[in-house]
Amino acid sequence: MLDFNGIWTLSSPQHPEISVPMTFPGDQYSALITADIIPDPYYASNEQQVQWVGLCEWRASKSLTVTENDLAADKLILTVSKVDTFATLYINGDIALTCSNAFQIYQADIQPLLKLGSNQLEWVFQPAAQVAKDRANKLPFPIPWAEGNNQIPFMNTVRKPQCHTGWDWGICLPVCGIFATASLTPIKSVYFERVDVDQHWTSDTSVTLKLRLHHANGVSLPFHIEIDGKHYEGSTVAGCNKTEFECVLNNPKLWWPNGYGEPHLYELSVRVEQQIITKSLGLRRLSLRTNADAVGSEMVFVVNGKTISCKGANWIPMDALPQRSHPHRYEQLLGAAKDANMNMIRVWGGGDYEHDEFYQTCDKLGLLVWQDLMFACAQYPSTTEFLDDVKQEVTQQVQRLKHHACIALWCGDNEVIGSLNWYPESRQNREKYLVNYDRLNRSLEQWLHELDPSRRFWASSPCNGELDFGDAWHDDKKGDMHFWDVWHSGKSFDAYTEVTPRFCSEFGYQSWPSFSELTKFVPEEDWNIGAPHFENHQKNARGNSIITEMFTRYFRFPTNFEQMLYLSQVQQAIAIKTAVESWRSTSPICQGILYWQLNDNWPVSSWSSIEYSGRWKQLHYHVKRFFEPTLACFERSDNALILRIINDSPGARKLSGKVLQLDWHGKELNQWNIDCTAEPESNQSVWQVPLDSPSSQQGAFYYVDSSDSQHNFWLPDIPKKLPIKKANIDVRVEGNEVYLTSDKPALFVHLEHPAILRFSDSSFFLLPGVERRVTYQGELIDAEGLKVYQLAER
């Protein structure tokens, strides 16, 4: 078999001394790192030393031996995707393929260019920065780019992941290369391109699958279809490039989001000649309900007739170096999302349409996907040339993805409506730039309605609704909201409780990396939040100042570097916990909570709940608890403390536990038993106590479930004002189990070990004399190497 993947030779006309192996799929930075031409840009401040790489032309070449058997077919179709970005393929000196959009899929019949024996192949990659500048100069009027995020200007004129040239969490590495496996398909009579599958539900128990087989030549050939153990046969229609066929499934097993049932998948196989296309299909009915109500307008996803409380996070590209984006990391990160009780992931519009494995994994795990189209935080051209390019991109991506059960929504962009108010050009002439925006956005809407009428198109995130260009950052009555007043505007955590979003698709609070993570990329001499190498891994201009200033509001200032890192993650967890518990307590008003962000694409200080290595931050352990389908949380109302039970699950839940009030030494002041039943989709107060007596300030309140499936706590004031005592925590390690006991109440008890990315639980409270068992996977550790943090440790 001819192979366009594997090892090529990388060179640059600007650097004739470079000639090193390069792997496809892969990027030029990874090849240069492997060859020791450049240092790893993730370490220290090496990023600054490798910026020249993105400004060069790069060439990848290889020889390919062709036999008579290779040329026996009528055509030899080369298919490549994720070609980044301006690339030309030469075969024996002739142009075989020209690419100019990293989001498009390219195909070419290369057989006429091949010859028997040795063939010379060469990919030539032009630097995107120069093309972007040339395109910007040709526009009829200036189009504001994402200044402040992108370190290279005018990237909004090229169709390339916008975060490749920096973001407020991202390194600037303008990669080029091919990031997906290329394929060669020999064709003898007909080219079987793809299968479109639409679900048409005639009743709750019967679905018709309408299949459209797309084939390049108009000849009649037999096809074979298999699904659910049933076999169907037919013939392609001569003289056409499309054949339609219907299959009826009665009483199908349904696909459900995580927490609502099993995400059952059917395997569909379609064969024409020797060409086989397979798809995993989840059968479900899905809609987005935005009816007007007494508050404003609801925003509720409905799956199989069931209202879904969407809980999840935002997704950014897995790695700034695409060659390191291995499929098993999808399983790791998305598995961690499922394990933390999420049922929705938002693919953010400044990144990329993900690999097939991403959506296949979401299908398998029951994770709905809010899919942005790839526009973010800038204005974009609306010229004919730009729209034609984007139309091809969107058409291909929707055709590729729409059969996935996980896709819940197509969203036009991230914060592009809002960016009209950010840049001087658009602020001073808003009408002109609004028309420019609408030309692109309305085109996207029209294309989506034609390509996938089964799903809702949502103009932008955030957005108040169709043709509403209002301020969705501060209007919480309708649509989806991005609420950033705490992080960007410096408000206290209580500000989360002062809004009631219908669907909050972005909000977040930063933390620094854990100490175990930081030691991998910051040299010891820079273990200080003001040191240059540490600061290079903080891409938000005010980030370190915001984190530190908030310390002074809520905590007694830590006295050592490790405790500062730990406390930043406590702070992040409190922030997001405050928001989620408050908004879930408003159910059914708020039916969607997606925090920013799930993952990092390099080791960095950021809003993520999972570090670059896959290590869970403290936040992710809290996410697992506050996204539980049945949540017990405390709420202060006037002069009373309330315990509220919210049940999003499809079944009733019985809760049995107790509320304890302990003083700071661990003496029990009060105890109340809790026994209740939480009905499906219910939100109820099950206990309350007045808070106007001095005794209410004498200690914290704790809720402990008898099955240990729920535990929560409430403090009578901010931590720095409370006489929290340092606890003596006894730690015992037996195999892959850790046992902890304490002599006093201990808050945010967090386990950390360099070799362990994830414990069964962490960042919890310990009650005196109550042993807690925690498990872990991986190499066996001992108590000496295990770090146990607590809030009272200064």
field: Contact check, side chains of Leu333 and Ile610, non-hydrogen atoms, under 4.5 Å
entry: yes

Distance, nearest 0.5 Å, that separates CG of Leu173 from CD of Gln151: 9.5 Å

query: Which atom pair, heavy atoms only, marks the closest approach of Asn150 to Gly166?
result: ND2-O, 3.3 Å

task: Please check if any side-chain donor atom of Asp480 sits under 3.5 Å from a side-chain acceptor atom of Ser461, or the reverse.
output: yes

- prompt: Just checking, any donor-acceptor pair under 3.5 angstrom between side chains of Trp167 and Asn601?
  reply: no

message: Please tell me whether Tyr380 and Asn436 have a donor and an acceptor in their side chains that are separated by less than 3.5 angstrom.
response: no

query: Is Arg329 positioned over the aromatic face of Tyr612, cation under 6.0 angstrom from the ring centre and no more than 45 degrees off axis?
result: yes

message: If only side-chain N and O atoms count, and only distance matters, is there a donor-acceptor pair under 3.5 Å linking Gln130 with Asp134?
response: yes

- prompt: Do the side-chain N and O atoms of Trp602 and Asp319 include a donor-acceptor pair separated by under 3.5 angstrom?
  reply: no

Parallel, tilted or perpendicular, as decided by the 30° and 60° cut-offs, for the rings of Phe555 and Phe551: perpendicular

query: Using a distance-only test with no angle check, is there a side-chain donor-acceptor pair under 3.5 angstrom linking Tyr359 and Gln371?
result: yes

message: Whether Lys402 and Asp452 form a salt bridge (side-chain N of Lys/Arg under 4.0 Å from carboxylate O of Asp/Glu) is what I want to check.
response: no

task: Compare every heavy atom of Ile417 with every heavy atom of Tyr437, then report the nearest pair and how far apart it is.
output: OH-CG1, 3.1 Å

- request: Please check if any side-chain donor atom of Ser45 sits under 3.5 Å from a side-chain acceptor atom of His533, or the reverse.
  value: yes

- prompt: Are Arg456 and Phe301 in a cation-pi contact, defined as NZ or CZ under 6.0 Å from the six-membered ring centre and within 45° of the axis?
  reply: no

Check: Tyr330/Glu354 side-chain N/O donor and acceptor closer than 3.5 Å: yes

- prompt: Hey, mind stepping through Arg346 and Asp372 against salt bridge (Lys or Arg N to Asp or Glu O under 4.0 Å) and telling me if it holds?
  reply: CA-CA 7 Å; Arg346 175 176 173 240; Asp372 281 5; 2.7 Å; yes

- request: Hey, could you give me the OG1/CZ distance between Thr290 and Phe503, rounded to the nearest 0.5 Å?
  value: 12.5 Å

Enumerate donor-acceptor pairs with a distance under 3.5 Å from any side-chain N or O in residues 585-597 to protein atoms, sequence neighbours excluded.
residue : atom : partner : partner atom : Å
Ser585  : OG   : Glu581  : O            : 2.7
Thr586  : OG1  : Trp583  : O            : 2.6
Gln591  : NE2  : Pro588  : O            : 3.3
Tyr595  : OH   : Ser609  : OG           : 2.6
Gln597  : NE2  : Asn599  : O            : 2.9

message: Does this structure show an ion pair linking Glu611 with Lys617, if we count only N-O contacts that are shorter than 4.0 Å?
response: no

task: Indicate yes or no: at least one non-hydrogen side-chain atom of Trp458 is less than 4.5 angstrom from one of Trp370.
output: yes

query: Charged N to carboxylate O below 4.0 Å: is that the case for Glu635 and Arg644?
result: yes

- prompt: Is it the case that Asn544 and Gln510 place a side-chain donor and acceptor less than 3.5 Å from each other?
  reply: no

task: In plain terms, say whether Glu47 and Lys539 are close enough for a salt bridge, that is, a side-chain N and a carboxylate O under 4.0 Å apart.
output: yes

- prompt: Cut-off 3.5 Å, side chains only: do His164 and Asp84 have a donor facing an acceptor?
  reply: yes

- prompt: Does NZ or CZ of Lys720 lie under 6.0 Å from the centre of the six-membered ring of Tyr554, at an angle within 45° of the ring axis?
  reply: no

field: Reported CG-to-CD1 distance for the pair Leu55 and Ile152, which is rounded to 0.5 angstrom
entry: 6.0 Å

task: Please determine, by modelled atom types, if Glu506 and Trp484 share a side-chain donor-acceptor pair under 3.5 angstrom.
output: yes

message: Below 30° counts as parallel, above 60° as perpendicular, anything between as tilted: where do the rings of Trp169 and Trp348 land?
response: perpendicular

- line: Applying side-chain hydrogen bond (donor to acceptor under 3.5 Å, both in side chains) to Asp468 and not counting sequence neighbours gives Lys478

message: Any donor-acceptor pair under 3.5 Å linking the side-chain atoms of Arg427 with those of Asn421?
response: no

From Asn156 atom CG to Arg135 atom CZ, the distance as rounded to the nearest 0.5 Å: 11.0 Å

